[in-house]
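Everything below concerns the one structure shown next.
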Amino acid sequence: MIAGMSEKDMARRAAMEIRDGFCVNLGIGMPTLVLDFVPSDKTVFFHTENGLLGMGGFARKGEAHPDLVDAAKQPVTYVKGASFFPSDVSFAMIRGGHIDLAIMGAYQVSGNGDLANWTAQGMMPSVGGAMDIVVGIGKIIVMMMHTTKDGRPKIVKSLTYPVTGFRCVSMIITNLCVLEVTEKGLVLKELAPGVSAKDVLACTEADIVMPKEQKTIS
Amino acid sequence: MIAGMSEKDMARRAAMEIRDGFCVNLGIGMPTLVLDFVPSDKTVFFHTENGLLGMGGFARKGEAHPDLVDAAKQPVTYVKGASFFPSDVSFAMIRGGHIDLAIMGAYQVSGNGDLANWTAQGMMPSVGGAMDIVVGIGKIIVMMMHTTKDGRPKIVKSLTYPVTGFRCVSMIITNLCVLEVTEKGLVLKELAPGVSAKDVLACTEADIVMPKEQKTIS
Amino acid sequence: MVNKIYRESLEAIRDVKDGAVIMFGGFGLSGIPQNLIRALYEQGTRDITVISNNPGSRLGDTEYGLAILFKAGRVRKFIGSFPTATKSFKELYEQGKVELELVPQGTLAERIRAKGAGIGGFYVRTGAGTLLGSGKETRTIQGARYILEQPLGADFAFVKAYRGDVYGNLVYRYTGANFNPLMAMAADITVAEVEEVAGAGDIDPNTIHTPGIFVDRVVKGERYDRWYE
Amino acid sequence: MVNKIYRESLEAIRDVKDGAVIMFGGFGLSGIPQNLIRALYEQGTRDITVISNNPGSRLGDTEYGLAILFKAGRVRKFIGSFPTATKSFKELYEQGKVELELVPQGTLAERIRAKGAGIGGFYVRTGAGTLLGSGKETRTIQGARYILEQPLGADFAFVKAYRGDVYGNLVYRYTGANFNPLMAMAADITVAEVEEVAGAGDIDPNTIHTPGIFVDRVVKGERYDRWYE
């Protein structure tokens with residue numbers, strides 16, 4: 001199996017999608033790495049669904065406060081200009097279309113941008129804010145490994161996992177490549193260093209439109 | 001025409017319905033007189049729909065602040081323990097059943113407690129919070145003159161003015177008497193000093209149940 | 001770097017076009033964006049739809065706030081709960097020169113919030129069976145009659161806060177909040193006028209009433225009339 | 001004279017009966033009413049329905065908060081968004097010993113607010129077409145699929161604030177607010193535990209997050225665990 005990019009490199013690439021002034025919701029796990037890659041000349045407010053806009057980073061020893069955590073229940077800090085608010089306002093931000101971008105993990109994404117990331121067969125289900133995010137936030141980037149641990153495709157023709165949302169994913173960043181979800185289906189935009197278009201096709205079930213050239217992520 | 005009670009006496013009588021710990025919404029006009037008749041051993045919070053629980057009284061010269069007014073847009077003060085909040089929360093209090101009592105004026109009340117107090121034919125309509133109050137607040141006291149200025153009954157068999165709410169009035173306090181709205185219709189509870197049951201009947205269109213005795217308001 | 005501060009009211013509303021739908025915070029004269037209203041008047045914008053609790057307010061013989069826009073014939077339609085507050089609106093209404101959509105105050109607040117919160121519609125008892133509920137979808141829920149109400153949005157929201165910072169975080173004072181925080185959520189572009197501009201991080205994040213995400217522009221009001229003594 | 005202060009947590013929850021439906025504020029361990037939860041555990045109340053974002057939370061190998069009620073078999077049903085947070089819930093669930101109603105987090109917040117605000121139901125896109133939307137009334141609004149969601153209330157709300165006064169006015173800190181202000185609005189009886197009791201008028205009325213009208217009882221929490229260093 002081809003390794004492709006590290007999680008940090010994927011986070012660095014995802015961070016490039018964040019524009020000055022954006023409010024961004026980061027999912028639990030890998031997406032939180034994005035926090036470290038936002039250039040200091042951009043004003044970006046990170047939203048955490050439990051009631052904070054302007055999350056800083058993870059709290060260091062001595063900084064942690066029991067009533068100051070992120071969506072993963074980890075102690076965090078906040079930045080200048082941050083605000084705290086209750087859950088209804090937090091989800092008004094999400095559902096009302098006020099947040100510019102969400103970066104989240106996934107079990108599966110289909111060729112037309114359907115997303116599965118909340119539960120699987122035989123699993124006790126948990127949903128959190130995932131279903132609110134996919135209907136409310138205009139741009140959804142999925143950040144995930146290209147395949148499962150045992151090598152099966154996660155980018156599929158149609159979902160076999162329970163759906164979180166329909167036609168909601170705009171971009172997929174995996175360890176192998178960057179795919180855009182377009183009207184015509186998935187388009188291969190960029191390749192990880194050392195990865196070929198053929199490598200990507202070999203472990204993707206969904207159809208992929210291949211432009212003449214693919215940029216390599218630098 | 002019989003004068004009966006003064007507006008102040010009506011307000012004093014209405015204030016007797018306020019129990020310790022009540023949150024009370026007062027309508028514009030005559031009901032605001034009730035503010036002066038709450039005994040100091042009771043903790044009562046007056047609610048004003050524009051976003052204050054714990055209204056004090058009207059602001060005196062020098063006390064007024066342009067951003068501190070009541071529902072009638074008059075400058076007011078606030079008491080210890082007061083809170084300010086936006087309109088959605090204010091009406092959550094009203095519509096959600098959190099306020100114990102409302103005292104409001106009326107054009108007409110019917111025998112089964114239907115209320116008309118927002119507009120009349122040929123009038124430019126204004127509604128404010130009246131329709132929210134009548135569906136949300138469990139006890140509604142109407143405080144009004146028993147008849148129109150030209151002597152026509154305001155307590156009628158059925159409304160001829162546009163309705164504000166159905167079966168919502170619990171009690172009517174007029175210059176002549178106190179009526180309770182019950183399952184059996186209007187019941188005469190108390191008479192103003194110098195007013196007889198016959199006087200009341202003479203200027204009321206709706207049927208009134210007459211208990212054997214009527215107390216005189218002291 | 002984000003800085004939402006505008007130098008003057010006129011600059012902050014320059015792109016408001018004729019025909020715009022605009023929400024104005026405030027209740028009577030409390031919490032109204034009086035400088036933005038004056039700027040809109042000066043700019044001459046016409047044919048606007050005004051969403052506000054009142055169409056201005058009267059003190060003694062003088063009318064303030066939105067009344068100047070109505071008097072000048074700039075308003076096509078008013079959506080609100082209590083138009084009786086001004087004579088100038090009443091005259092236009094009686095002459096058939098302005099349209100009126102009357103909405104119970106709590107429903108008005110909730111419809112605006114619904115738009116801001118991505119709610120597609122909601123049921124309330126308010127107005128069911130009355131003239132203001134006529135024509136609306138009705139449903140019986142646990143024995144009581146409810147009507148379906150729609151979210152209400154706008155092209156612009158003009159709001160007024162006591163303090164605001166460069167990120168658009170706002171703090172209100174007393175009853176000055178009223179519709180302002182809701183309208184800030186419900187418009188494509190929200191312009192806030194404030195009495196004081198705060199520096200980045202100067203407002204305690206636990207006391208912010210409107211998070212900056214809802215606010216696009218902040219301007220220090222040029223002049224605050226003192227209506228009361 | 002009104003004084004909502006109770007001397008101890010046990011006293012403040014004494015009338016909670018077996019079979020009660022109880023909302024618990026908090027997200028993970030932040031903003032949870034830990035003293036009221038412990039008191040409920042000590043009191044031995046059984047067969048309860050818990051409405052909360054999580055059924056407790058795990059730190060390292062230890063489970064805190066609501067987990068003690070689940071472990072002790074006191075809970076009949078859990079209504080929330082993220083039960084995966086505790087192993088003890090998972091075990092009971094897999095053994096069929098506890099019922100689960102899974103609700104998307106934003107919908108959970110909005111349903112609770114709806115109950116508190118007298119809203120009879122509302123439409124959201126969240127969950128439409130998914131397993132969590134199945135069986136719910138569907139409606140197409142401006143080309144998008146919405147589902148109808150119901151208000152959600154309870155017999156009791158146990159909430160936690162940073163400060164509270166004798167009238168029940170509450171102030172939260174950081175992300176400690178979360179569901180607390182909503183639940184305070186939606187229950188027949190709301191019990192608030194606070195870290196600090198403030199005197200009458202000591203809280204600036206402009207900074208109050210939950211007006212006292214929504215709160216019936218206030219108690220100073222006996223003990224606050226420090227979960228993080």
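Below, read A as the first sequence line, B as the second, and so on, with proteins coming before strands; counting in each chain starts at 1.
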Residue among [options] with most heavy-atom pairs under 4.5 Å to chain B:
| options | result |
| --- | --- |
| D:H209, D:K4, D:K115, D:M185 | D:M185 |
| D:G116, D:A114, D:G199, D:A200 | D:G116 |
| D:P205, D:G201, D:G212 | D:P205 |
| D:G118, D:A117, D:A186, D:G168 | D:A117 |

Residues of residues 32-52 of chain B with a heavy atom under 4.5 Å from any heavy atom of chain D, in residue-number order, are B:S40, B:D41, B:K42, B:T43, B:F45
Checking heavy-atom separations under 4.5 Å from chain D, one finds in residues 13-22 of chain B B:D20, B:G21
Taking every heavy atom of B:S83 against every heavy atom of D:P211, the minimum-distance pair comes out as OG-CB, 3.3 Å
Here the pair of heavy atoms bringing B:M93 nearest to D:I213 is CE-CG2, 3.7 Å
**Study point:** Side chains of D:F214 and B:L53 in contact at under 4.5 Å (non-hydrogen atoms)
**Key:** no
Cut-off 4.5 Å, heavy atoms of chain B, and the answer for D:I203 is neither
Bottom line for D:N169: the part with an atom under 4.5 Å from chain B's heavy atoms is side chain
**Asked** Around D:K77, counting heavy atoms of other residues, nucleotides and ligands shown, do more than 12 lie under 6.0 Å from its NZ?
**Response** yes
When rounded to the nearest 0.5 Å, the distance separating CG of D:D204 from CZ of B:F84 is 8.5 Å
Against chain B, residues from residues 139-148 of chain D with at least one heavy atom under 4.5 Å, in numeric order, are none
So the side chain to side chain donor-acceptor pair (under 3.5 Å) pairs with at least one residue in residues 155-166 of chain B (sequence neighbours excluded) are B:Q108-B:T160, B:N117-B:T164, B:K157-B:D207
